[in-house]
Number of protein chains: 2
Amino acid sequence: MGTTQLETVPEPKYWHLKTVLSDALDSEFAVGEILPNERELAARFGVARATLRQALEQLELEGRLQRRRGVGTTVAPPRFGVGIGPAGEGPFADAEGGWQTEGGGETVPPAAVARLLETPAGARVFALRRTRVTHGQPVATELLYVPEQAVPEETPEGDEAARRVLAALGRLGLESQERSVELGSVRAEDARRLDRLPGAPVLVVTTRYAAQDGPAVVAVSTYRADTCRLTFADSGAEALAG
Amino acid sequence: MGTTQLETVPEPKYWHLKTVLSDALDSEFAVGEILPNERELAARFGVARATLRQALEQLELEGRLQRRRGVGTTVAPPRFGVGIGPAGEGPFADAEGGWQTEGGGETVPPAAVARLLETPAGARVFALRRTRVTHGQPVATELLYVPEQAVPEETPEGDEAARRVLAALGRLGLESQERSVELGSVRAEDARRLDRLPGAPVLVVTTRYAAQDGPAVVAVSTYRADTCRLTFADSGAEALAG
DNA sequence: AAGTGGTCTAGACCACCCC
DNA sequence: GGGTGGTCTAGACCACTTG
């Protein structure tokens, strides 16, 4: 075998392109700077626009780029860390994390949530919607599901009810919490709140809080995957949070 | 305004397709079942193959489908939970999580890791590679970065060295840990280990463990985002782990 | 060899933003 | 109105797996 590197498979064009662009971003562009448009970039690299777009999509997935229809493609700032989990005074405090409640009412939760709450399928619970804003932009939207018995007072609809339920949760004695994180794509409804197109990648955080007598709340939080790094401080430290 | 719903923007075809397919998956297909091939599906729905593929990509991102080149598209089983964080005897125990060490040696860590370790840029550390197997398939690959002073003995290269460093870590008194989770795409090197194509979405978990005298280890773990749900048990409970 | 998903092309039109 | 990214098409070829 006189050849040196035959077993190497040809790298896909878009993959190589991604590497080249990534290096260029590091060396030749500043955060916030706007890139040449897709048609020009494609021409410059001698590929079809679709191929170029495949590379850009990857870079956007990694949080390196930000693309906005009608505007252009800009170099994204590094992801910022958003704190998840036991922080500050209570898990439902508005102020700390930048949460802003938007209303609530009774609904039938999704089956997966009902299972976590250990309520019968089809049973109604109180659902509370809130959105989290950090660094001046929306990073997450959340639905809190509270079984009726956990909020014993009369609960009307709307913002006022939401605030009252939230306050009641703050007074609750929570014993434990379990949490899971998985990849999802943003549903049409949440997309608007997060200022993204439907289908954009999100990190879905599901948390179940339990009181002495069983599950008290299930929170389903949807975080923008492009701009956020979720941080967990398990033992009082917080250096990854930058 | 005699019209009922004019402000509704026409839904993209691939988005609508995704919904239709998603419903079909729930009602007409069993886990593991193989779907008709892309060319036929595209014809059946009257769209171009590229458009169909956009819908399939979304469903794969959500863990509903699994596509393998040369084989076909199958219905994926529900994601399984993999435990992250303080579990069992120690954070570096092989047995519990299915970790399998693959070797190690000295290297210069990436800048981001050096910053977390608080070592000077360009300083060499010991890097240990291991891979995690659950439910019979690889779910994660990890690089553990250990500054030299934390492993004071002489450290040769290879598997033997890795095992020795791992044992030393087990004896270390760790005081705290901080963790972050973000979306990434798998690098070519890790792709093989995880049995995925380069660029596939992954959840990158970065953990810094500290001992009394400062940072002791930084672990960068790369989890398959299509098959895994990361679970965190913060207060002794573990019901989301299923 | 046949069949699958993965890559790539060249072009068109649309939705959105800003001037 | 003019420019941007987002969607969509119809076709070609390639890499991989399986009989």
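The figures that follow rest on heavy atoms only: side chains count, while hydrogens, waters and symmetry mates do not. Order of the sequence lines fixes the chain letters, A, B, ..., with proteins taken first and strands second; residue numbering starts at 1 for each chain.
In this structure, B:N37 reaches the C:dT4 phosphate: one of its side-chain N or O atoms is under 4.0 Å from OP1 or OP2. For D:dG11, neither phosphate oxygen OP1 nor OP2 lies less than 4.0 angstrom from any side-chain nitrogen or oxygen of B:R49. Look at A:Y14 and you'll find a side-chain N or O under 4.0 angstrom from OP1 or OP2 of C:dT7. An OP1 or OP2 oxygen of D:dG6 is reached within less than 4.0 angstrom by a side-chain nitrogen or oxygen of A:R53. In this structure, B:T73 does not reach the C:dT4 phosphate: none of its side-chain N or O atoms is under 4.0 Å from OP1 or OP2. OP1 and OP2 of C:dT7 both lie 4.0 Å or more from every side-chain N or O belonging to A:T51. Under 4.0 angstrom from either OP1 or OP2 of D:dT9 there lies at least one side-chain N or O belonging to B:K13. For the OP1/OP2 pair of C:dG6 and a distance below 4.0 Å, the side-chain nitrogens and oxygens of B:R67 include at least one atom meeting the criterion.
Checked by atom type and distance alone, the side chain of A:R208 pairs as donor or acceptor with a backbone atom of A:L116 at under 3.5 Å. For B:R79 (side chain) and B:D226 (main-chain N/O), a donor-acceptor pair under 3.5 Å exists by modelled atom type. For B:R196 (side chain) and B:D190 (main-chain N/O), no donor-acceptor pair under 3.5 Å exists by modelled atom type.
In this structure, A:R69 atom CZ and D:dG5 atom P are separated by 12 Å, rounded to whole Å. For the pair B:L52 CG and D:dG11 C1', the interatomic distance rounds to 16 Å; values are reported in whole Å. The distance from atom CD of A:E57 to atom C1' of D:dT7 is 11 Å, rounded to the nearest whole Å. Residue A:I34 contributes atom CD1, which lies 10 Å from atom C1' of D:dG3 at whole-angstrom precision. For B:W15 and D:dT7, the CH2 to P distance is 10 Å, given to the nearest whole Å. One interatomic measurement links the two molecules: CZ of A:R68 to P of C:dC18, which rounds to 8 Å at whole-angstrom precision. B:E38 has its CD atom 17 Å from the P atom of D:dG11, to the nearest Å. Rounded to a whole Å, the CG atom of B:L56 is 13 Å from the C1' atom of C:dT4.
With the nearest nucleotide of DNA chain C identified for both B:V71 and A:G70, B:V71 has the one nearer the 5' end.
A:E38 and A:R53 are joined by a salt bridge, as a carboxylate oxygen and a charged side-chain nitrogen come within less than 4.0 angstrom of each other.
If you check distances only, the side chain of A:R39 never reaches the base of C:dG11 with a donor-acceptor pair under 3.5 Å.
Between A:L194 and A:T141, the closest side-chain pair of non-hydrogen atoms falls below 4.5 Å.
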